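The shown structure was predicted, so the numbers you read here are calculated from the model rather than taken from an experiment.
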Amino acid sequence: MKASVIVFPGSNCDRDVAVSLEAAMGKKPAMVWHGEADVPASDLIVLPGGFSYGDYLRSGAMAAHSPIMRDVVAKARKGTPVLGICNGFHLLTETGLLPGVLMRNASLKFICKDVWLKVVRNDTDFARGYAPGEVIRIPIAHHDGNYFADEDTLDRLEGENRVAFRYCDASGALNGDINPNGSQRNIAGLYNETGTVLGLMPHPERLADPALGGTDGRPMFDSLVRALH
Amino acid sequence: MKARIKITLKNGVLDPQGKAIANALGALGFDGVGDVRQGKYIEVELHDTDRASAEQKLERMCEQLLANTVIENYSYELEGI
Amino acid sequence: MKARIKITLKNGVLDPQGKAIANALGALGFDGVGDVRQGKYIEVELHDTDRASAEQKLERMCEQLLANTVIENYSYELEGI
Amino acid sequence: MTPELVSEHGLSAEEYEQVLSILGREPSITELGIFSVMWSEHCSYKSSKVWLKTLPTTGPQVICGPGENAGIVDIGDGQCAIFKMESHNHPSFIEPYQGAATGVGGIMRDVFTMGARPVANLNALRFGAPDHPKTRHLVSGVVAGIGGYGNCVGVPTVGGEVNFDPGYNGNILVNAMCVGLADTDRIFYSAARGVGLPVVYVGSKTGRDGIHGATMASAEFDDDSDEKRPTVQVGDPFTEKLLIEACLELMARDIIIAIQDMGAAGLTSSSVEMADKGGVGFDLDLNKVPCREEGMSAYEMMLSESQERMLIVLKPGSEDKARAIFQKWELDFAVVGVTTDTGRLIVTHNGHIEADMPVKALADSAPEYKRPWTLPEPPAVILPRDVAAPDSLTGTLETLMGSPHLCSRRWVWEQYDHMVMGDTLRRPGGDAAVVRVHGTTKGLAATCDVTPRYCAADPVEGGRQAVAEAWRNLTATGADPLAITDCMNFGNPERPEIMGQFVGCIEGMREAAEALQFPVVSGNVSLYNETKGAAIPPTPAIGGVGLIPDIAHMADISLKIEGETLLLLGAERGHLGQSLYMDVILEKREGAPPPVDLAAERKTGDLVRELIRDGSVSAVHDVSDGGLLVAVSEMALAGGVGAAMGEYDGPQPVHAMAFGEDQGRYIVASSRSGEIIARAKASGIPVRIIGETGGDTISVPGEEPVPLEKLRSLHEGWLPHYMTSR
Ligand SMILES: Nc1ncnc2c1ncn2[C@@H]1O[C@H](COP(=O)(O)OP(=O)(O)O)[C@@H](O)[C@H]1O
Ligand SMILES: [Mg+2]
């Protein structure tokens with residue numbers, strides 16, 4: 001399997017996700033600079049977390065216009081799997097690959113902590129390593145993770161079964177004050193229509209190594225490798 | 001010339017910042033405060049000399065970068081010339 | 001009534017966001033773009049009926065909460081009544 | 001030059017005489033400004049230098065001690081740790097968000113300018129009393145600023161300290177520490193050796209930021225007022241991130257002779273230091289300096305403290321290679337001067353020579369004062385039995401755990417990205433933080449410590465304790481303590497009693513650093529932290545760094561296993577003088593602080609480290625603020641396993657054993673207590689079984705057990721509740 005991680009000025013989880021990919025794939029992904037016109041032939045494109053362009057103006061707004069993004073969007077539309085984590089999720093919404101926007105957290109504060117996620121579906125290349133309904137622990141670290149879309153869009157997304165993960169408590173319950181950022185319907189991650197593009201705010205690469213205190217992120221990378229090798 | 005651009009959230013779009021400001025104003029003892037909405041205000045210095053073309057340019061700037069038109073509206077004023 | 005408040009950085013205060021926007025506009029092919037400054041635009045719904053007291057209130061809101069007067073200036077317009 | 005102008009530049013009459021004799025003429029306004037900043041307390045250390053020199057700074061592990069941008073210690077395998085701590089107190093009081101943010105940016109530049117990639121940030125924060133009207137606003141702004149900067153740059157903020165004390169009402173302290181990693185054969189220094197070399201400016205453009213208010217008098221600034229000269233600097237973490245990547249990319253080529261960040265006194269201090277250390281002169285052409293604003297004068301450019309800028313001396317002919325790198329990262333790059341054999345700093349602007357001064361004299365002849373000092377009378381030791389007992393131990397425990405002094409700092413560190421870079425092995429909330437040395441099985445431990453109320457009562461003992469506590473916190477994770485950086489925060493040194501605090505703290509630090517072989521490799525001094533004659537408590541913040549040779553063998557504080565024995569290592573005296581028990585419960589601060597026995601400290605710590613490495617213990621925590629019961633509760637909360645304290649039948653009152661703050665103690669949890677007791681006894685270390693792990697309460701004999709969940713809500717509750725109430 002070949003993976004490419006796109007590096008924008010201000011990306012700062014590019015190395016982290018490359019480490020997790022390498023652990024799962026057994027080889028290093030290509031690191032592709034945002035100024036390139038094309039992504040090299042890849043089975044998976046990763047848009048990493050961080051603060052592209054400092055998150056100035058709006059998170060992901062400027063990086064969405066990087067030369068490379070034209071090719072990323074084109075390849076995504078043709079079916080190349082794309083994983084956008086945190087700032088990568090911002091980019092997916094800014095480029096229109098995913099609907100809605102990620103607004104400032106309801107608390108207005110940056111939040112870095114482990115949260116519980118409910119795996120909504122496991123029939124995609126990203127999630128086959130999880131059981132449907134499984135509750136996993138993954139860290140978040142963001143200021144703008146408050147998912148918003150209008151009610152019609154939300155209903156449509158649910159109807160099309162496009163919610164990937166929801167914030168929940170340790171037992172999988174969705175109610176109460178467990179929603180860390182105010183996201184509509186506890187949405188933590190979303191798929192495109194074909195389930196080949198995934199945007200998520202939590203960072204699976206941060207708990208994919210036992211030394212870091214957990215491995216619930218690892219199955220995502222393993223699923224991708226199994227599906228795409 | 002100078003463009004003054006206001007970017008505001010569309011109606012119905014949740015505004016966590018506006019809501020927090022409204023709460024904070026209440027807590028500070030300001031009463032009679034209703035809805036608060038926070039947007040952006042951007043000033044752009046343009047070296048253009050032609051108003052019509054400057055307006056076109058601004059329009060494109062807002063559409064392409066400055067506003068996220070899924071959730072935001074924009075308006076602008078041009079000054080000078 | 002409705003207050004429209006503009007909050008802008010004082011002259012000489014570095015505006016990293018404005019700088020980044022100016023660069024991004026350049027990269028998008030917009031030419032003739034000079035300085036860009038980003039500020040905030042806040043709309044506040046007030047239930048006041050007296051203009052003078054509303055203005056006083058706004059002044060205090062800006063000083064106490066909305067603007068960081070060490071580095072920001074503010075101005076406002078009142079509408080309605 | 002009028003006497004007013006001279007004194008507005010902070011120069012005394014004698015200092016001005018010296019300026020005249022160095023130059024052999026009257027200075028220009030630019031020259032006066034340059035002298036003023038170079039001889040400021042901040043740049044020249046004129047009150048502190050003689051004392052700082054007494055600190056131990058060497059050891060087999062030390063590659064570079066004080067004097068460079070940051071200190072460097074060897075961590076083996078061709079790698080080194082580079083670290084420093086610095087204050088941004090005053091700016092943070094004026095504008096908490098930007099003041100704290102730019103403090104973080106500045107300390108990171110000190111570290112990456114030497115060739116290191118920053119891998120961990122820490123912050124030591126002191127605020128005024130919680131009920132002071134400014135405190136909440138300052139806490140909120142400072143924490144947001146530290147997070148806003150560090151999170152964006154992508155360096156994890158893994159540890160620190162937070163104190164509330166009325167002594168900081170008018171002067172908060174924001175001390176930021178950064179630890180970086182470098183290859184030992186790629187360390188960069190600031191000495192610009194060689195003549196005819198290009199001097200290059202990179203990073204952000206220069207604006208009128210931070211130019212000292214005192215200098216407003218001169219005629220050239222008279223056009224429209226303050227508005228043009230905000231003294232507040234705004235941080236641009238995005239540019240910092242690009243600057244780190246660009247500098248590290250440049251450093252990977254062999255084309256740098258010297259590099260220096262532009263910190264306080266920007267272009268002035270960076271060029272003087274680089275020229276002085278290299279034994280050369282600098283010719284600078286200010287028309288080449290990238291400026292953000294129009295019409296900046298030479299004076300303003302030389303004194304500007306705009307952030308995110310570096311000065312580099314390159315090998316000749318390598319300008320184009322370097323320029324290409326900075327262009328790729330979209331940063332300004334300009335050749336602004338050349339090194340010369342004149343030994344003079346010559347600054348030209350618009351064809352005029354604005355400054356022409358001897359570098360050596362500027363750098364070396366800075367005044368050095370041995371200011372008068374007096375040490376306070378050491379307070380009497382208060383015996384445990386003379387301190388009133390509480391009604392209930394558990395009730396007192398609840399009060400302490402939910403007090404501003406001991407409550408959880410989660411509200412703070414959850415706003416910091418403490419996991420980015422994927423190597424955070426020990427997150428905030430324990431003793432020292434640990435980050436893995438990327439790509440290896442080694443770890444770096446880091447901590448910030450000082451107990452200002454001890455320093456106020458007895459500066460020497462307080463200085464000793466601060467160093468010992470840092471050493472202890474590193475040890476408790478299983479690290480070998482390597483070296484320290486310090487941030488000496490004090491009031492006005494021209495007052496003998498304040499100078500005495502400084503001298504006393506340094507003396508205590510010296511003793512501890514020597515005894516523990518824990519040398520000082522970098523640091524920073526911040527004086528004049530006082531308002532209307534009220535000085536802050538003496539606050540020598542200590543940043544410690546240690547090495548964990550194998551991360552398979554390290555410890556944390558959390559109780560994980562039921563039915564283990566809890567042991568206390570180290571001598572118990574039930575010392576309650578200056579304790580939090582006395583402060584929070586009895587509302588007084590009296591007596592001598594707990595003494596530190598450095599020989600015992602060393603012995604106990606060395607044993608704890610061995611126990612961690614050979615797997616004898618499942619949890620370790622040092623006993624500090626609040627004493628034994630608090631430390632046990634912190635361990636229980638961290639792991640979700642409770643503890644039952646045994647009967648104490650020693651000679652001291654029970655409350656003194658529960659809340660005394662005797663130094664040099666550790667609690668360990670183990671299933672091999674017999675073996676541990678034997679080993680401790682063999683080494684002459686006092687040891688006692690204090691209880692057993694298990695259940696979901698903390699219990700003490702004869703009292704109703706306290707549910708962990710109750711303690712947790714008290715412990716976690718105070719700060720978020722405080723920050724959201726008004
Ligand atoms: N400002 C801060 N930033 C990050 N972490 C902090 C901060 N203040 C406290 N902490 C963390 O909270 C924990 C408890 O702090 P403290 O009580 O000072 O520890 P100790 O008594 O071991 O020195 C430590 O892990 C510390 O790093
Ligand atoms: Mg400790």
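- Counting heavy-atom pairs closer than 4.5 Å to chain A, the top-ranked of the candidates C:Pro16, C:Ala24, C:Ala27 is C:Pro16.
- Heavy-atom distances place both the backbone and the side chain of C:Ile21 under 4.5 Å from chain A.
- By the neighbour-count criterion of 12 heavy atoms within 6.0 Å, atom CZ of A:Arg156 is densely surrounded, having more than that number from other residues, nucleotides or ligands.
- Taking all atoms of both residues into account, the shortest heavy-atom contact from C:Ala20 to A:Met62 is O-SD, 3.6 Å.
- With values rounded to the nearest 0.5 angstrom, A:Tyr56 atom OH is found 9.5 Å from C:Asp15 atom CG.
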